[in-house]
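Here's the structure we're looking at; comments come further down.
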Amino acid sequence: MTYLSKHVDLEKPEDVKGYIADLDKADSYKRNLSLAYWNYAKVHGIEWEKPRYYATNRLPSIPSDEKINMLIANAPKKLALAISISRDTGMRPVELMGLRLSDIDIENGVVHPFTAKHGAGRILKLRNTTLNLLSSYLSKRPELKPLDKIFGGWTSEYYGKYFRYHRNTLAVKLSDPSIKTVKLYSLRHAFATKLYNQTRNILLVKQQLGHRRIETTLTYTQLVNVNEEYVCEIASTIEEFTTLLESGFEYVSDYEGKKILRKRK
């Protein structure tokens, strides 16, 4: 309602309806605004016939690992940590911002987040690079107690706004407008698509995302054949192999004593 109140008089329902209709936004966005105002009108005794908008069922876009890593490398440290955890775990922004110190097991490299939308609990693995960022971050905040949120007063709304600001700044800096297409929720979609692509286990993806309904998860089965272009690398030593795995490459096979890995472009 804050957004609407800044642009239109909430006491004039027909003006509200006209304002929403004229917005250059997707119908799903207009539907959410209409629902919010409908609830407001009920509470304040305003008669208002809610217009009908229908969301278009579109497949989410999946950013490349390169672009995600670029965002992490160029972000302030606290934001870089948040993006890294989002990338590694597919946690919803609201779940990540609710993460408490007691939810983290650094020794085993996992987090135990609360699950939003009444989904099942889950354990999520962090990459070594993310654990390094996390350890450095926590070492500078010895005052944190077990029940303290690791991102302090950040909310999911602030996280999204801060993410978009630095994403857009980086796009201008690198003269690469495609970076602006990476949305915060794209990190969750990328995690789910990659996990399904590696395992073909839709129930595992459902569990790791904290979904209640399998129908929600089935979207990701349609994305595994999208953008099927890969960069390949060869690892000659265990150090090279480990570094490539931590950079998002996946093992393919052995050849003449070396390991072949690939990563989607």
Heavy-atom side-chain contact between [X] and [Y] under 4.5 Å:
{"X": "N39", "Y": "V43", "answer": "no"}
{"X": "S34", "Y": "I20", "answer": "yes"}
{"X": "L204", "Y": "Y196", "answer": "no"}
{"X": "T129", "Y": "S84", "answer": "no"}
{"X": "L138", "Y": "L101", "answer": "yes"}
{"X": "Q207", "Y": "L203", "answer": "no"}
{"X": "F191", "Y": "L209", "answer": "yes"}

Exercise. Rounded to the nearest 0.5 Å, how far apart are NE2 of H112 and CG of L99?
Worked result: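 Answer rounded to 0.5 Å: 10.0 Å.
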Problem set entry | Atom pair CZ (R188) and CD (Q208), whose distance is rounded to the nearest 0.5 Å |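 Nearest 0.5 Å value for the CZ-CD distance: 10.5 Å.
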When you measure from the side chain of [X] to the backbone of [Y], do you find a donor-acceptor pair of N or O atoms at a distance under 3.5 Å?
{"X": "K30", "Y": "A21", "result": "yes"}
{"X": "S102", "Y": "P146", "result": "yes"}
{"X": "Y159", "Y": "A82", "result": "yes"}
{"X": "D22", "Y": "Y19", "result": "no"}
{"X": "N69", "Y": "D65", "result": "yes"}
{"X": "T181", "Y": "S178", "result": "yes"}
{"X": "T199", "Y": "L195", "result": "yes"}
{"X": "Y137", "Y": "I150", "result": "yes"}
{"X": "D254", "Y": "G257", "result": "no"}
{"X": "S135", "Y": "N132", "result": "no"}

Problem set entry | For V110 against K125, the heavy-atom pair lying closest together |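 In this case the closest contact between V110 and K125 is CG1-CD, 3.9 Å.
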Problem set entry | Closest heavy-atom pair and its distance - V111, L126 |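 Of all heavy-atom pairs spanning V111 and L126, the closest is CG1-CD1, 3.9 Å.
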For this session: Flag this pair as yes if the NZ/CZ of K42 is under 6.0 angstrom from the six-membered ring centre of W38 and inside a 45 degree cone about the axis; otherwise no.
Result: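 Yes, a cation-pi geometry holds between K42 and W38.
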Problem set entry | cation_pi(R164, Y162) dist<6.0 Å, angle<=45 |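 R164 over Y162 ring: no.
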For this session: Kindly assign one of parallel, tilted or perpendicular to the pair W48 and Y37, based on the angle between their ring planes and the thresholds 30° and 60°.
Result: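 Ring orientation, 0 to 90° scale: perpendicular.
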For this session: With salt bridge (Lys or Arg N to Asp or Glu O under 4.0 Å) as the test, would you mind laying out the steps for E95 and R122 before giving the verdict?
Result: CA-CA 12 Å; E95 294 171 340; R122 61 216 203 265; 2.7 Å; yes
Exercise. When you look at T115 and R92, which way does the side chain to side chain donor-acceptor pair (under 3.5 Å) test go after all the steps?
Worked result: CA-CA 9 Å; T115 301; R92 301 176 178 93; 5.9 Å; no
Exercise. Taking everything shown except E215 itself, do over 12 heavy atoms lie less than 6.0 Å from its CD?
Worked result: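 Yes - once you tally the heavy atoms of other residues, nucleotides and ligands closer than 6.0 Å, there are more than 12.
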For this session: Would you tell me whether H211 and T217 have side-chain atoms, one donor and one acceptor, within less than 3.5 Å of each other?
Result: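 Distance-only check passes for H211 and T217.
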Exercise. Out of curiosity, does I238 fall in the hydrophobic cluster containing L261 (side-chain heavy atoms, cut-off under 4.5 Å, transitive links)?
Worked result: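 Looking at the clustering, I238 is in the same group as L261.
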